[in-house]
Number of protein chains: 2
Amino acid sequence: MSGKLNWRINNIANGTSSVLVPEPQRLVLRACTAIRRLLRGTALFVATAWGMGVAEPKKLIHGLKVGMALSLVSLFYYMRPLYEGVGGNAMWSIMTVVVVFEYTVGATLSKSVNRTTGTFLAGSLGVGVHWVASQSGDHLEPIVIGISVFLLASATTFSRFIPTVKTRFDYGALIFILTFSLVSVSGYRVDKLIDMARQRVSTILIGTSLCFITSMLICPIWAGDELHNLTHRNIDKLASSLEGCIADYFKGDSCDDNSKRDSSKEIQAYKCVLNSKPTEESMANFARWEPAHGHFSFRHPWKGYLKIGSLIRNCAYCIHTMTNCTNSEMQAPEFLKRQLQKPCMELCSRTSRLLKELAIMMKTMTRSSKLDFCLQEMNFAAQELQDALRSLPIKPEPMLRPAEDINHEKPETMAASHGPPLLEVLPLVTLVSLLIETAARIEDLIGGVVELSETAAFKAPKLEKKPNQNQASKHHTIEIQYDTVKAPPRA
Amino acid sequence: MSGKLNWRINNIANGTSSVLVPEPQRLVLRACTAIRRLLRGTALFVATAWGMGVAEPKKLIHGLKVGMALSLVSLFYYMRPLYEGVGGNAMWSIMTVVVVFEYTVGATLSKSVNRTTGTFLAGSLGVGVHWVASQSGDHLEPIVIGISVFLLASATTFSRFIPTVKTRFDYGALIFILTFSLVSVSGYRVDKLIDMARQRVSTILIGTSLCFITSMLICPIWAGDELHNLTHRNIDKLASSLEGCIADYFKGDSCDDNSKRDSSKEIQAYKCVLNSKPTEESMANFARWEPAHGHFSFRHPWKGYLKIGSLIRNCAYCIHTMTNCTNSEMQAPEFLKRQLQKPCMELCSRTSRLLKELAIMMKTMTRSSKLDFCLQEMNFAAQELQDALRSLPIKPEPMLRPAEDINHEKPETMAASHGPPLLEVLPLVTLVSLLIETAARIEDLIGGVVELSETAAFKAPKLEKKPNQNQASKHHTIEIQYDTVKAPPRA
């Protein structure tokens, strides 16, 4: 039609044919594809960044803060090129700001202190070694320097693997090696070295103080706050996962696809709890450096949060196993599920109420007046579930070993076979058992939170106002009533 | 006796008295305590370091390698102070070695490429911005520079939070910000800048190539190897935890304290599997940068290892829940435990044999001829355990709800009450159910390993030699025999 000659490849095997495109056109096509892919990638990147900026404006603010600190220090040195421009000491201020300014105040402080201490220690040691080397004659000088650099760099690098050093002084060790090598290798005389060191330390101090000010005064992001929020949010997530999981199991196929998708999202909430350990540890490590802020004193017991975190994960592992039971292929008979539904849902709702109470207690750092009551309610519900389990009509199959004894009791076995076999109810029984186990682990979690509430001196609960007094007294009555209910033994 | 006057404080409340030590003596005492504490701390630190060096000599070797690379580059510049000593470009070589030299080859390569690319990109952009600023007049110049530093630093810092950038280009982004600020702030003319940039890039290249050579030629530590070893060791740990947990449960109190301590150590092995995710991810990320080495090609499917890692953790969560069941306060009656002991131990030993086979398959990167057989054996054992569970004499308690129906069947209920109530066997039943669940999850793990064996082109299994032929044919017969055994439905 277009008057052009086309080469066509006929594929005989499947009867299709394709046009053979000449080489230059193919290159253009490829370039177009590449550009399109690049554009799509860029669009995706921008969309991700936009989404993150909207979801977590703190990260955007951090970016702006770094930009501000950096342009301030840059302009300061641009306006008054004190020494010899970039080659000189101005560089160290800029470098300090870039390297030291971290997301949280604690991390910034930790890196600053590490950098300053590392530089100071290595500088002093370097000057000493430099002096020794210069006294030992022209031939020995490079040998002394080479050996000392080798030994100190090896030992310090190795020490960075030791857990205590790794968590707290990793950056300091790096700076130590760097500064020591630079100082001991420098060809300067000792008096000039000391002069240079003085200038360098002062520029580093300018950089770090600018970082301190920007990071602490403009929308500060405290590692302690992050850890605190992470912890109570994780408890909340446990509650919603647990509720979602049990509701999903007993609701079964009755609900529509939309609500199923919602509930599966809810159930998955616990998954980010499973891997929160590294974040918690680094946050707790940085939080120790932070000055008193908000509700937190300088020596706030951050280690308590780590303990609570591990107890939360302990519950999350149990919930993880439970979600697998609800997805089991083998389903218990409907009437049995209906029989256990009420006590299960009851225990689940009590447990999640308790978890929410714990989350509020952590969030507001206030001791809860309802905690004991909630715990007793949960234990009572656990007891009721165990009672319900006891009343399950399980089919008693004949004991296979002593078969003779059973044979003459045939009528009994026949009569009881109305019940489903144990194997069929296994997922249901396991689910119930794990639910009870989760409740037991949550009791441990309560222990951790109560311990923290003592060491961190949580506020006393607010007294309820007069209009609520009736309700309070009602609660009290119930409390007394339940007081006789003992916690069931752990299944 | 000594003729000295002592002040003594008498505590009337509990009838004790203590000698009041004068101020200077107290200071000395305090100093002594502090020194003793410091010495004890140092001794502990040295002991830890020594223990680590003996247990993981690789880390010691890494330290020595860094020391060597650093003293080499230091001496190189010390011997020929090309420019102006430490202030000049020599510094950049030393700094590069200190900052870029990481534990694994992959991490070193990744950091080197990041540093070089970041420096190059930011340098070019910085020269451009510098030129634009210098063209815009003396008044506008600082404004243009300030705004460009602010915008680029903010955007790049923010982009470091985006997952892709964070895992792969975090260090590059840092270097980008640093270099851009340094270049655009510098007061030099553009032609001098380009000259300086050329020198700086060349010194950085000297540093990175020295790092490459030292890290790859002297006892290289490959991230790929580390990931590979971590994976098959984790599978082995699963096997020993599982075995230890089941053996511990059924052995009960019969064994002595020593063997208990050993077995509890064995059971805890799975715990380090729970938190291996971050290590695996960073190793997989670094392994992508590594050239072909050992059994691994350049494009080895490292992502497969991540998938296997998550499947291993899935099993570990299950085992974690299981260990809690074995520690339950409520114990099933001894005769029931004895009845289930054999099939449980059987399934456990089959499962751990399968896991060990998987670990060997991963370790040697060779397809296993026994895998199918082991899997069938495991499924057969699971089936047998379910059969044994079916024959458990559980006490059928009367249904509480329709109480009227039950009352006239009293004799039956009485007769069947020889069996223990369901509640009492709950931990045992849960343990069995979780054991079966673990077996099901291990089947998923097999799927992951088989998938990797295909994408990573594992070697074909070695044919067995003639003396073993008899055994092989015996295996084959059993295989056919078991071929009819279907995998039991997941409990």
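Residue numbering restarts at 1 for every chain, and letters A, B, ... go by the order of the sequence lines. Note that the structure is a prediction, hence the values are computed from the model and not measured.
When B:E141, B:K65, B:R160 are compared by the number of non-hydrogen pairs under 4.5 Å with chain A, B:E141 comes out ahead. Between chain B and the residues A:G63, A:A153, A:P163, the most heavy-atom pairs under 4.5 angstrom are made by A:G63. Your options are B:V149, B:N275, B:V98, B:L274, and the one with the most heavy-atom pairs under 4.5 Å with chain A is B:V98. For chain A, the option among B:T164, B:N314, B:V73, B:I147 with the highest count of heavy-atom pairs below 4.5 Å is B:N314.
Looking at B:L174, both its backbone and its side chain come within 4.5 Å of chain A, counting heavy atoms on both sides. In this structure, chain A has a heavy atom under 4.5 Å from the side chain of B:S159, while its backbone stays farther away. Only the side chain of B:L434 comes within less than 4.5 Å of a heavy atom of chain A; its backbone N, CA, C and O stay farther away. The part of A:I145 that comes within reach of chain B is its side chain, from C-beta onward, which places non-hydrogen atoms under 4.5 angstrom from that chain. Of the atoms belonging to B:Y103, it is side-chain heavy atoms, and not backbone ones, that fall under 4.5 Å from chain A. For A:T48, the part lying under 4.5 angstrom from a heavy atom of chain B is the side chain only. At a 4.5 Å heavy-atom cutoff, the contact between B:K277 and chain A is made by side-chain atoms alone. Heavy atoms of B:V97 lying under 4.5 Å from chain A are absent altogether.
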message: With side-chain contact (heavy atoms from CB on, under 4.5 Å) as the criterion, how do B:F45 and A:V165 come out once you've worked through the C-alpha distance, each side chain's angles and the decisive distance to 0.1 Å?
response: CA-CA 10 Å; B:F45 185 82; A:V165 180; 3.6 Å; yes
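Here the closest heavy-atom approach between residue A:T321 and residue B:C318 is recorded as CG2-SG, 4.1 Å. Taking both residues in full, the closest heavy atoms of B:S154 and A:L64 are given as OG-CA, 3.6 Å, listed atom of the first, atom of the second, then distance. Of all heavy-atom pairs spanning A:S71 and B:F150, the tightest one is OG-CB, 3.8 Å. The two atoms that bring B:S74 and A:S181 nearest to each other are OG-CB, 4.4 Å, heavy atoms only.
Taking OG1 of A:T323 as the start and OH of B:Y317 as the end, the distance is 11.0 Å to the nearest 0.5 Å. In this structure, CD1 on A:I94 lies 12.5 Å from CD1 on B:I177, to the nearest 0.5 angstrom.
Side-chain atoms of B:F101 and A:T157, non-hydrogen and from C-beta on, never get closer than 4.5 Å to each other.
Under the 30°/60° scheme for interplanar angles, the aromatic rings of B:F161 and A:H62 are found to stand perpendicular.
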